[in-house]
**Q** 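Take this structure, written in structure tokens, and hold onto it; I'll ask about it next.
For ligands, and for the atoms within them, numbers begin at 1 and follow the listed sequence.
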Amino acid sequence: MSNEGNLEVDVMYGLKTVLSQIEAAVARRSKDLPQVSPRLVAVSKIKPVPVIVEAYEAGQRHFGENYVNELADKASDPIILAKCKDIKWHFIGHLQTNKINKLLGSPNLFMVETVDSEKLADNLNKQWLKLRKEEEKLKVMVQINTSAEEAKNGIEPAQSTKLVEHVLKSCLNLEFIGLMTIGQYDYDTSKGPNPDFLTLAKCRQEVCDNLKLDINKVELSMGMSSDFENAIELGATTVRVGSNIFGARPQKAKTN
Ligand SMILES: *Cc1c(COP(=O)(O)O)cnc(C)c1O
């Protein structure tokens, strides 16, 4: 019965496979990089509640969604609330101002990975003060558009220090966790390390140098199903993996 709603895909198998691939990639990672063991965010977008419960019961705790309404609905679902008490939601999509309250009101919201302007940081800072249930800061990452594609959100790499400094100095209800990128899809790693991941790691180095931050405490969220192992080798501390765990999504069918 645990496969209810997702008969074709063995979520537990997918999860175990990804976790062992993560472990193997950690072993290949350069010893010069911060030795943080990467966090797996299981990206459950479009996938129904029963498969989230299945992954949770297999031990997974961090889940990611990229639409506010979908995250809010799933986070408040009575089955999720009853069976997944320790679930940790990551918001990984583009955040519009008019959706901030809905997002921040979602139960068990753990982190917003996509802060890409001072205005958004200021709004989150202000609204979190009103909506938070405990004296805890909201964890945020700053999203960087490492591939300079117009369609992608995120600030330019050269703006990273400025935005991180703003979060640290002017947004006292936010906790700066690290940098995030989406990057170009389906980069061919036979051509060498993914330039997006190198760029994000370079941004972290610059931000840490400029703001005197400890590099071991600034995370990198990068890598998805097609490239999370490469991302870990280059220092990812968070990988966001969807289809390798939950099966392909309809609109990505062309990549299969
Ligand atoms: C969908 C999505 C992912 C996961 O993609 P997969 O290729 O299914 O692993 C990761 N990050 C973001 C921001 C996404 O929107």
Side-chain angles (χ1 to χ4, degrees), residues 6 8-11 13-22 25 38-48 51-52 54-55 60-75 88-96 99 103 109-116 120 139-155 177-189 194 196-197 199-200 219-256:
N6 203 35
E8 337 68 56
V9 175
D10 187 339
V11 170
Y13 175 78
L15 194 56
K16 278 194 182 143
T17 306
V18 169
L19 287 171
S20 64
Q21 287 167 328
I22 288 176
R39 169 198 293 126
L40 171 62
V41 174
V43 178
S44 49
K45 62 189 182 202
I46 313 184
K47 302 296 174 180
V51 301
I52 296 173
E54 200 181 334
Q60 180 62 25
R61 289 295 174 268
H62 293 266
F63 290 82
E65 289 285 342
N66 67 336
Y67 290 108
V68 171
N69 290 347
E70 195 175 342
L71 188 151
D73 287 349
K74 287 174 176 171
K88 294 169 171 59
W89 292 104
H90 291 234
F91 183 69
I92 58 172
H94 179 58
L95 182 52
Q96 292 163 302
K99 293 281 173 67
L103 177 65
L109 177 69
F110 182 76
M111 197 189 291
V112 176
E113 296 199 13
T114 47
V115 173
D116 62 357
L120 178 56
K139 293 177 176 55
V140 298
M141 288 194 185
V142 164
Q143 182 179 2
I144 303 188
N145 184 356
T146 50
S147 50
E149 288 166 89
E150 259 177 59
K152 295 270 161 63
N153 296 302
I155 53 162
I177 297 293
L179 307 178
M180 178 269 204
T181 187
I182 296 179
Q184 50 182 302
Y185 295 114
D186 298 322
Y187 173 78
D188 176 5
T189 43
N194 186 326
D196 287 302
F197 302 158
T199 299
L200 198 69
E219 296 204 18
L220 296 178
S221 174
M222 57 191 196
M224 320 199 329
S225 287
S226 58
D227 53 18
F228 67 93
E229 294 164 281
N230 184 226
I232 288 169
E233 289 165 22
L234 298 175
T237 67
T238 291
V239 290
R240 309 176 309 265
V241 179
S243 24
N244 282 17
I245 299 170
F246 298 114
R249 293 177 302 274
Q251 74 273 33
K252 292 202 88 186
K254 64 173 167 49
T255 62
N256 289 334

**Q** At a 4.0 Å threshold, what atoms of ligand 1 neighbour a non-hydrogen atom of Ser225?
**A**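 Within the 4.0 Å cut-off of Ser225, ligand 1 contributes 6 (P), 7 (O), 8 (O), 9 (O).
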**Q** Mark yes or no for whether Glu70, through its side chain, and Ala72, through its backbone, hold a donor-acceptor pair below 3.5 Å.
**A**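 Side chain of Glu70 to backbone of Ala72: no pair is present.
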**Q** Would you please determine whether Asn244 falls within less than 4.0 Å of ligand 1 on a heavy-atom basis?
**A**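 Heavy atoms of Asn244 never come under 4.0 Å of ligand 1.
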**Q** Quick one: look at Asn66 and ligand 1, take heavy-atom pairs under 4.0 Å, and tell me if it's side chain, backbone, both or neither.
**A** side chain
**Q** Out of Lys45, Arg240, Met224, who is nearest to atom 14 (C) of ligand 1 when you count heavy atoms only?
**A**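 It is Lys45 that holds the nearest heavy atom.
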**Q** Pull out every atom of ligand 1 sitting under 4.0 Å from any heavy atom of Gly242, numbered as shown with elements.
**A** 4 (C), 6 (P), 8 (O), 9 (O)
**Q** When rounded to the nearest 0.5 angstrom, what distance separates CG in Leu109 from NZ in Lys88?
**A**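 Interatomic distance, Leu109 CG to Lys88 NZ, rounded to 0.5 Å: 12.0 Å.
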**Q** Tell me whether ligand 1 is touched by Glu113 - counting only heavy atoms on the residue side and a distance under 4.0 Å.
**A** no
**Q** Assess, by modelled atom type and distance only, whether the side chains of Ser147 and Gln184 contain a donor and an acceptor separated by less than 3.5 Å.
**A**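 Side chains of Ser147 and Gln184: no pair found under 3.5 Å.
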**Q** For Thr146 and Thr181, which I'm curious about, is there any donor-acceptor pair between the side chains at under 3.5 Å?
**A**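 Result is yes, a qualifying pair exists.
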**Q** Minimum heavy-atom separation for Phe246 to Phe63, with atom names?
**A**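 So the minimum-distance heavy-atom pair works out to CZ-CE2, 4.1 Å.
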**Q** Which atoms of ligand 1 sit under 4.0 Å from any heavy atom of Ser243?
**A** 6 (P), 7 (O), 8 (O), 9 (O)
**Q** I need the atoms of ligand 1 closer than 4.0 Å to a non-hydrogen atom of Ile92, numbered in the order shown.
**A**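 Selected atoms, number and element: 11 (N), 12 (C), 13 (C), 14 (C).
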**Q** Give me the atom names and distance for the closest heavy-atom approach of Ile46 to Arg249.
**A**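 Minimum heavy-atom separation between Ile46 and Arg249: CD1-CD, 3.9 Å.
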**Q** Is any side-chain heavy atom of Val11 closer than 4.5 Å to one of Lys47?
**A** no
**Q** I'd like to check which ligand 1 atoms, numbered from 1 as shown, lie under 4.0 Å from a non-hydrogen atom of Val241.
**A**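 Within the 4.0 Å cut-off of Val241, ligand 1 contributes 9 (O).
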**Q** So if I count the atoms of ligand 1 from 1 in the order they appear, which ones are less than 4.0 Å from some heavy atom of Ile182?
**A**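 Listed by number with element, the hits are 13 (C).
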